[in-house]
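My questions will all concern the structure given below.
By convention in this document, chain letters (A, B, ...) are assigned in the order of the sequence lines, proteins followed by strands, and residues within each chain are numbered from 1.
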There are 2 protein chains.
Amino acid sequence: MSRPTIAGVARAAGVSVASVSRVLNGLPATEEMVERVQRAVAELGYVPDARARSLKVGRTFQLTLAVADVGNPVYVTMMRAVEEVVSAAGYRLVVTTTGPDVVDEVALVRGMARGYADGLLISPLRVDEDLVKSIRECEVPVVVAGNVPAKAGVDTVRANSPKGMLLAVDHLVARGRTKIAFLNGPADTVPGAARAKGFADALKAHDLEAVATAEASDFTFAAGRAAAPELLVAEVAVGLDAVICANDLLAVGVMHELAAAGLRVPEDVAVVGMDDSELAEQSFPPLTSVNLGSAERGRRAAELLLARIEDNDRTPRRIVVQPSLSIRKSTP
Amino acid sequence: MSRPTIAGVARAAGVSVASVSRVLNGLPATEEMVERVQRAVAELGYVPDARARSLKVGRTFQLTLAVADVGNPVYVTMMRAVEEVVSAAGYRLVVTTTGPDVVDEVALVRGMARGYADGLLISPLRVDEDLVKSIRECEVPVVVAGNVPAKAGVDTVRANSPKGMLLAVDHLVARGRTKIAFLNGPADTVPGAARAKGFADALKAHDLEAVATAEASDFTFAAGRAAAPELLVAEVAVGLDAVICANDLLAVGVMHELAAAGLRVPEDVAVVGMDDSELAEQSFPPLTSVNLGSAERGRRAAELLLARIEDNDRTPRRIVVQPSLSIRKSTP
DNA sequence: TTGTAAGCGTTATCAA
DNA sequence: TTGATAACGCTTACAA
């Protein structure tokens, strides 16, 4: 015996399929009709088919969140926030992972035209013409958590990393650290570019020069460790006393290398991360980290997506979330 | 202008919808037919609707992976392994999160009957009659990464935590640590119960008595920190010299509390975690951890799921993956 | 090789 | 209030 359909329920209840559908959707019906249908539904264990339903009504009540790397704790913060908003609105959230390449991101956006979900929330690491084009042409609403040109004509929620960088530098300087190095992720990524510029500006604001900068091949722990030695030469050369990292994973990687080199955090070298993810509290010493508002970005991005699903004609909004600094033990 | 359908393509190409479908699916057609259809497809930017297609063919080519907590790094290991296998087989993987409650897990399994995916991979924290029943009655193939009664009649891939516990205790004893405490997660969970028993048996095998045991309210970092003080009383009382934790997050939580109490890891107290997740390498000191084979479990579970989709009549397999120990710096 | 048409499981329109 | 029926966009017999 195969899965029961609405027709089977109708037959079992001795009513029409239309009536079954009505009862199921809470439309007016007599007491008795409701009763009969519900009994048949329960008896057969009928569950409506979401594909057929969505084919008809044009909605799936699913939303997709695409993240570049499930291993990056910043995404779990964001995911939790998004989940909360969308499930409260009666949508299922499905998460999918794209990897760091823009081509996969484009393929994902294009693929949304297949009707998998009613909306898409992406946070792309790299952005190119193709991606902008695919977003603009996408059949379903897209919201970008990150920075994408205004001509993409899409709602965005982004962080203010320059301001965040300034917070980090202010803090270090206030604690007497001025020989500051910077470990960035790939500079050809959107966050990488923003943070590089932010760092440069923040140092300039304090009339400081970078003691060293390095670029990790990825925003990962392993890449952070691999790139750290480049920074450490500055330690012997000029007495580096602080390093700011483009995210928490990189910062934790650096702290490991610092320890391996016999340097203490924060006594010898202070370390500041960015994202203020769960990892920042879990690391040892707990990591001072720039909170770029990932939870709030997730929440607001989700709200924008829901709003656009309701009304696709609203003019795109570009929200910027302000950063704050979570001071922990990795800085003096 | 709305989204183009196969009928639109057919009209534009001046052929029948059947021919368009055939060309799109690579079925035999003349050179010219292929040419005309492809031109029309490109011109209109046509993308086939996955819902309609799957309604017809009865397959979605999507697989669902449900995890209890996206913040638990053991799931990222598993997710990566699953993703690799299923995408190689031409399926999309979508991840969804259930939370720790069994009712949500049941709702998820029941909901699969709605046709969201061709198969489901779950790793439930808690298992009850309802869940077993829902799995048995599920319309789509289910594979469980974890332990579920054989009567569920489902493929399972589980870890051997007793053996893993023994590995941990063996290691500690070999390094001269015999005053061992245990921090478990909730004992009413499947992994919690297995690890409690494993720990007890492992100690017995060494003629040892537990110096202290505690139960965290969750398998999380915060719960680990909160529960740690219970263990620390044993330190002052009898000179605790090692603690085994039911997962890496708990272990990291304990290490923080140990540090707060002025105890050094591993000199004063050795710590061993379980799962050997990315967090184990990232933590400081790097955590000695029992590798319960999460990557292999993910891989094999995905393979079982694909196999069952091919042939739903095969008899359910119950695979056990053997553990190993990843020795790092948190043990002497 | 190509076209016609029936259906996949729903919902929505229209009469009754 | 209820029932018959036409879509939704696709695939696939079956005919031509």
Assuming nearest nucleotide by heavy-atom distance, tell me which of B:Leu55 and A:Ala29 is located more 5' along DNA chain D.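 So the residue in question is A:Ala29.
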Given side chains that start at C-beta, do those of A:Val190 and A:Pro124 come closer than 4.5 Å, heavy atoms only? no
Rounded to whole angstrom units, what separation is found between the CZ atom of B:Arg59 and the P atom of C:dC8?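 Rounding to the nearest Å, CZ of B:Arg59 and P of C:dC8 are 19 Å apart.
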Selection from D:dA4, D:dT11, C:dT2 that lies nearest to any side-chain heavy atom of A:Ser16: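 Out of D:dA4, D:dT11, C:dT2, the nucleotide with an atom closest to A:Ser16's side chain is D:dA4.
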Closer than 4.0 angstrom, basic N to acidic O: yes or no for B:Arg136 and B:Glu129?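 Answer for the salt bridge query: no.
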Side chains of A:Arg314 and A:Arg308: does their closest heavy-atom pair fall under 4.5 Å? yes
Nucleotide C:dG9, atom C1' - distance to OH of B:Tyr116 in whole Å: 14 Å
May I ask you to say whether B:Glu43 pairs ionically with B:Arg39, meaning some side-chain N is under 4.0 Å from a carboxylate O? no
For D:dT2, does OP1 or OP2 lie under 4.0 Å from any side-chain N or O of A:Thr30?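 For D:dT2, OP1 or OP2 has a side-chain N or O of A:Thr30 closer than 4.0 Å.
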Taking only the side-chain heavy atoms of B:Val57 (C-beta and beyond), determine which of D:dT2, D:dT11, C:dT10 contains the nearest atom. D:dT11
Estimate the overall bend of the helix from C:dT1-D:dA16 to C:dA16-D:dT1 from the end axes over five pairs each, rounded to 10 degrees.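 End-to-end axis angle for the helix from C:dT1-D:dA16 to C:dA16-D:dT1: 40°, rounded to 10°.
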Of all the choices, C:dA12, D:dT2, C:dG3, which nucleotide is nearest to the side chain of B:Met33 once you look at every atom?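 The nucleotide sitting nearest to the side chain is C:dG3.
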In whole Å, what is the span from the CG atom of A:Leu24 to the C1' atom of C:dG9?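 From A:Leu24 CG to C:dG9 C1': 12 Å.
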Rounded to whole Å, please give me the gap between CD in A:Glu32 and C1' in D:dT2. 12 Å
Picking from C:dT13, C:dG3, D:dT11, which would you name as closest to the side chain of B:Ala18?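 Taking heavy atoms from C-beta onward, the closest nucleotide is C:dG3.
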Looking at every strand, decide which applies to B:Arg51 at a 4.0 Å heavy-atom threshold: base, sugar-phosphate, or nothing.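 Touches nothing.
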Below the 4.0 Å mark, does C:dT11 have OP1 or OP2 next to a side-chain nitrogen or oxygen of A:Ser21?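 Looking at the OP1 and OP2 atoms of C:dT11, one of them is under 4.0 Å from a side-chain N or O of A:Ser21.
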Take A:Ile6 and B:Arg22, find for each the nucleotide of DNA chain C with the closest heavy atom, and name the residue whose nucleotide sits nearer the 5' end.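 The answer here is B:Arg22.
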Round to a whole Å and report the spacing from CD of B:Glu31 to P of C:dT2.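 Value for this atom pair: 11 Å.
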Rounded off to whole Å, could you give me the CG-to-C1' distance for the B:Leu27 and D:dC10 pair?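 Distance check: B:Leu27 CG to D:dC10 C1' gives 14 Å.
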Salt bridge or not between A:Arg80 and A:Glu84? Use side-chain N to carboxylate O under 4.0 Å. no
Only residue of A:Val143, A:Leu63, A:Leu93 satisfying side-chain contact (heavy atoms from CB on, under 4.5 Å) with A:Leu121 is A:Val143
Listed by chain and number, what are the side-chain hydrogen bond (donor to acceptor under 3.5 Å, both in side chains) partners of A:Asn72, not counting sequence neighbours? none
Which nucleotide, C:dT11, D:dG3, C:dT2, lies nearest any side-chain atom of A:Ser19?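 For A:Ser19, the side-chain atoms sit closest to D:dG3.
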Would you indicate which nucleotide in D:dT2, C:dA12, D:dG9 comes nearest to any side-chain atom of A:Lys56? C:dA12
Less than 4.5 Å apart, any side-chain heavy atom of A:Thr5 and any of A:Asp49?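 Not touching, per the 4.5 Å side-chain cut-off.
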What residues in residues 40-49 of chain A put a non-hydrogen atom under 4.0 Å from any atom of DNA chain C?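 When residues 40-49 of chain A is checked for heavy atoms under 4.0 Å from DNA chain C, the hits, listed by number, are A:Tyr46, A:Val47, A:Pro48, A:Asp49.
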Whether over 12 other heavy atoms sit under 6.0 Å from A:Arg11 CZ: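 Not buried by this count: 12 neighbours or fewer within 6.0 Å.
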Do the numbers put B:Arg92 on top of the ring of A:Tyr116, so that NZ or CZ is under 6.0 Å from the six-membered ring centre and no more than 45° off the axis?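 The answer is yes; both the distance and angle limits are met.
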Rounded to the nearest Å, what distance is computed from the CZ atom of residue B:Arg53 to the C1' atom of nucleotide D:dC8?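 These atoms are roughly 17 Å apart.
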The side chain of B:Thr5 lies closest to which of these nucleotides: D:dG9, D:dT5, D:dT2? D:dG9
